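These numbers were taken from a predicted model, which means no experiment stands behind them. Order of the sequence lines fixes the chain letters, A, B, ..., with proteins taken first and strands second; residue numbering starts at 1 for each chain.
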Amino acid sequence: MRIATWNVNSLNARMPRVEQWLADVRPDVLCMQETKLADSGFPAMAFEAMGYESVHHGDGRWNGVAILSRIGLTDPLVGFEPGLEPDTDTRLVSATCGGVRVTSVYVPNGRSVDDPHYQYKLSWLGRLRSHLDTTCRTDGKVVVCGDFNIAPEDIDVWDPTAFIGSTHVTAPERDALAAVREWGLVDTFRQRYDGVEGLYSYWDYTAGRFHKRQGMRIDYLLASAPLAERSTVDLVDRNARKGTKPSDHAPVIAGYDVDAEDAEDAEDA
DNA sequence: ATGGTAGAGCATCTA
């Protein structure tokens with residue numbers, strides 16, 4: 001099973017590229033972030049014509065997350081589980097796809113460490129941990145993926161000294177991310193490429209960052225142990241960041257050596 | 001000198 005995550009930075013602007021990419025790569029599941037669409041504008045029919053069921057959570061100008069699946073899509077849940085403070089700005093959506101509980105997340109940016117949005121980012125990550133605590137089992141097949149807006153380690157940014165005092169690399173952000181991971185999730189990409197520098201998923205549009213290979217690894221797939229133990233592949237599709245009108249993020253793909261289960265067998269996931 | 005570019009939408013806000 002192959003699952004991909006891609007911050008498309010406006011699905012309206014990116015639809016031709018997303019359709020081409022789906023036709024070329026045919027992942028079983030694609031999680032998207034920053035669709036910048038209301039639910040009413042989400043092109044579910046176009047994806048259905050390509051064999052993908054979908055669920056979208058968005059309210060218009062900003063954010064917006066989605067899951068596409070060609071191996072079944074059941075039990076969709078938009079936002080956090082009902083017991084928690086609501087996901088008011090549409091940054092989280094979940095669904096069960098082929099026996100895997102998949103969550104697509106767009107973690108708040110934080111803006112700057114002295115901005116209220118930074119505290120919102122930390123509390124949002126705390127809610128994500130609570131959401132996992134109450135809706136998923138650590139011994140089930142669970143993937144939480146998306147744009148986390150956090151570089152887990154200094155090796156995940158092109159120049160750590162360029163980020164001193166900035167968001168995405170601070171200890172509180174990394175601690176909040178670690179608390180999510182410690183629920184029972186593994187960053188298989190970094191496990192596979194332990195110590196390897198220069199592996200990024202995002203490059204700022206400005207200053208020719210992509211061509212200078214000056215990026216950050218802020219998009220990833222976190223897998224529960226039953227999946228992480230069967231990890232087969234992790235990669236970034238840098239080609240999707242090239243050419244005309246690319247997103248500033250590239251798709252990240254993970255593979256797991258598990259068969260898609262029927263929906264009725266997914267209850268224990 | 002707080003730069004640069006992209007997207008939404010039409011003045012800025014977000015990233």
Side-chain angles (χ1 to χ4, degrees), chain A residues 5-21 30-43 46 56-66 79 87-93 104-125 128 145-152 156-170 172-174 176-177 200-220 236-252:
Chain A
T5 183
W6 193 4
N7 179 324
V8 296
N9 187 15
S10 169
L11 188 53
N12 269 345
R14 219 65 61 207
M15 191 60 180
R17 290 189 72 119
V18 170
E19 286 186 292
Q20 187 62 57
W21 190 83
L30 171 63
C31 294
M32 289 186 285
Q33 300 83 35
E34 277 205 89
T35 62
K36 299 187 179 181
L37 292 174
D39 291 341
S40 58
F42 183 74
H56 179 260
H57 181 37
D59 59 13
R61 293 179 70 177
W62 292 306
N63 313 325
V65 285
D87 174 40
T88 51
D89 54 359
T90 64
R91 296 178 175 276
L92 176 88
V93 65
S104 175
V105 302
Y106 177 46
V107 175
N109 175 284
R111 297 178 192 163
S112 65
V113 292
D114 56 356
D115 191 299
H117 201 67
Y118 178 80
Q119 293 302 324
Y120 173 64
K121 179 179 196 174
L122 298 179
S123 68
W124 196 96
L125 287 161
L128 176 58
C145 64
D147 178 357
F148 287 82
N149 270 315
I150 298 172
D156 296 310
V157 299
W158 61 275
D159 179 7
T161 65
F163 290 90
I164 292 170
S166 301
T167 59
H168 294 61
V169 298
T170 68
E173 289 166 279
R174 287 173 171 172
L177 173 64
Y200 309 125
S201 65
Y202 161 83
W203 301 260
D204 197 308
Y205 281 125
T206 67
R209 295 270 185 243
F210 179 74
H211 299 286
K212 293 188 227 168
R213 299 183 174 265
Q214 297 176 339
M216 309 173 75
R217 192 175 73 92
I218 57 175
D219 307 87
Y220 26 91
V236 177
D237 185 0
R238 292 182 81 261
N239 285 329
R241 180 62 174 80
K242 300 175 182 173
T244 310
K245 277 173 78 75
S247 170
D248 43 0
H249 298 251
V252 180

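Counting heavy atoms from C-beta on, the side chains of A:Gln214 and A:Val157 never come closer than 4.5 Å.
The backbone N or O of A:Val8 sits less than 3.5 Å from a side-chain atom of A:Arg14, completing a donor-acceptor pair.
Checked against B:dA6, B:dG9, B:dC13, the side chain of A:Arg61 finds its nearest nucleotide in B:dG9. Side chain of A:Asn12, nearest nucleotide from B:dC13, B:dA8, B:dA6: B:dA8. Of the candidates B:dG7, B:dA8, B:dA15, the closest approach to any side-chain atom of A:Asn109 belongs to B:dA15. Closest to the side chain of A:Tyr106, out of B:dG7, B:dA8, B:dA15, is B:dA15. Comparing B:dA15, B:dG9, B:dA6 by their nearest atom to the side chain of A:Glu34 picks out B:dA15. Of all nucleotides listed (B:dG4, B:dA8, B:dA15), B:dG4 comes nearest to the side chain of A:Thr206.
Between the NZ atom of A:Lys121 and the C1' atom of B:dA15 there is a distance of 11 Å, rounded to whole Å. One atom, CG of A:Asp115, and another, P of B:dT2, lie 20 Å apart when rounded to the nearest Å. To the nearest angstrom, P of B:dG9 lies 9 Å from CG of A:Leu37. Note: CD (A:Gln33) to P (B:dA15) measures 14 Å, nearest angstrom. Counting to the nearest Å, the P atom of B:dA15 and the NE2 atom of A:His168 are 9 Å from each other. Atom CG of A:Asn9 and atom P of B:dA8 are 8 Å apart (whole Å). If you measure from atom CZ of A:Arg14 to atom C1' of B:dT5, you get 12 Å, rounded to the nearest angstrom. Remark: P of B:dT12 and CH2 of A:Trp62 are 14 Å apart, rounded to the nearest angstrom.
Nucleotides B:dG9 and B:dG4, compared at atom P, are 24 Å apart to the nearest Å. Rounded to the nearest Å, the gap between the C1' atom of B:dA1 and that of B:dT12 is 22 Å. Across B:dG7 and B:dA11, the matching C1' atoms stand 15 Å from one another, rounded to whole Å. Across the C1' atoms, B:dA15 and B:dT2 are found 16 Å apart, a figure rounded to whole Å.
Counted by atom type alone, A:Asn12 and A:Ser10 present zero donor-acceptor pairs between their side chains at under 3.5 Å. Looking at A:Asp89 and A:Tyr120, their side chains do bring a donor and an acceptor atom within 3.5 Å of each other.
Side-chain N/O atoms of A:Lys245 include one lying less than 4.0 angstrom from OP1 or OP2 on B:dG7.
The nearest heavy atom of DNA chain B to A:Asn63 and to A:Tyr205 marks one nucleotide each, and the one closer to the 5' end goes with A:Tyr205. Across the interface with DNA chain B, nearest-nucleotide mapping of A:Ala207 and A:Asp248 shows A:Ala207 to be the residue nearer the 5′ end.
Classification of the A:Phe163-A:Trp158 ring pair by plane angle, with boundaries at 30° and 60°, yields perpendicular. Ring geometry, A:Tyr202 versus A:His249: the interplanar angle falls from 30° to 60°, so the pair is classed tilted.
At the heavy-atom level, A:Arg241 lies nowhere under 4.0 Å from the strands shown. No contact: A:Arg209 has no heavy atom under 4.0 Å from any strand.
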